[in-house]
Amino acid sequence: MLTRRISMVGYDPGMSLRKFLILPIGIWIVAAAYWFFSYDAAGSVMLTVFGGAMAVMGWILVPTATNVGPTAPVDPDFEDPGR
């Protein structure tokens, strides 16, 4: 069985930023097309706000992409109950 190993050696922050920006930009394009074809203000505003929320989420999460977070100390006496 082939396994894929994930490592941060090849991490490219620019690519991660592009991936996060594709979502809000795509949602804003859908909002513009929705407005153009339906002239429905409520749906267009909701899609635009959703795109803005996705942009804010990406703006907050992209800088933390390399953070592993705190790790708990390993207890050498711990035995997995499933064994």
Side-chain angles (χ1 to χ4, degrees):
M1 174 191 290
L2 295 174
T3 59
R4 184 174 170 186
R5 185 177 170 148
I6 299 173
S7 71
M8 296 310 261
V9 174
Y11 174 71
D12 181 16
M15 185 62 185
S16 180
L17 179 62
R18 276 182 247 136
K19 283 196 286 188
F20 273 109
L21 286 179
I22 286 173
L23 283 170
I25 290 172
I27 292 169
W28 287 328
I29 290 171
V30 169
Y34 186 79
W35 169 255
F36 180 73
F37 290 118
S38 71
Y39 296 108
D40 179 27
S44 300
V45 169
M46 284 189 277
L47 283 168
T48 303
V49 168
F50 180 61
M54 292 297 291
V56 169
M57 184 189 74
W59 177 55
I60 291 170
L61 290 180
V62 167
T64 63
T66 58
N67 293 349
V68 177
T71 57
V74 177
D75 183 9
D77 297 329
F78 176 76
E79 291 185 23
D80 188 14
R83 288 186 178 188

Taking all heavy atoms of W28 and all of T48, pick out the closest pair and write down the distance. NE1-O, 3.1 Å
Using the test ring pair (Phe, Tyr, Trp, His ring centres under 6.0 Å), find all partners of Y39 that sit at least two apart in sequence or belong to another chain. W35
For M46, does the CE atom sit with more than 12 other heavy atoms under 6.0 Å from it, leaving out its own atoms? no
To check you understand the geometry: which heavy-atom pair defines the closest contact between S44 and D40, and what is its length? OG-O, 2.9 Å
In terms of heavy-atom contacts, I27 and L47 come closest through CG2-O, 3.2 Å
When every non-hydrogen atom of P24 is compared with those of G51, the smallest separation belongs to CB-O, 3.2 Å
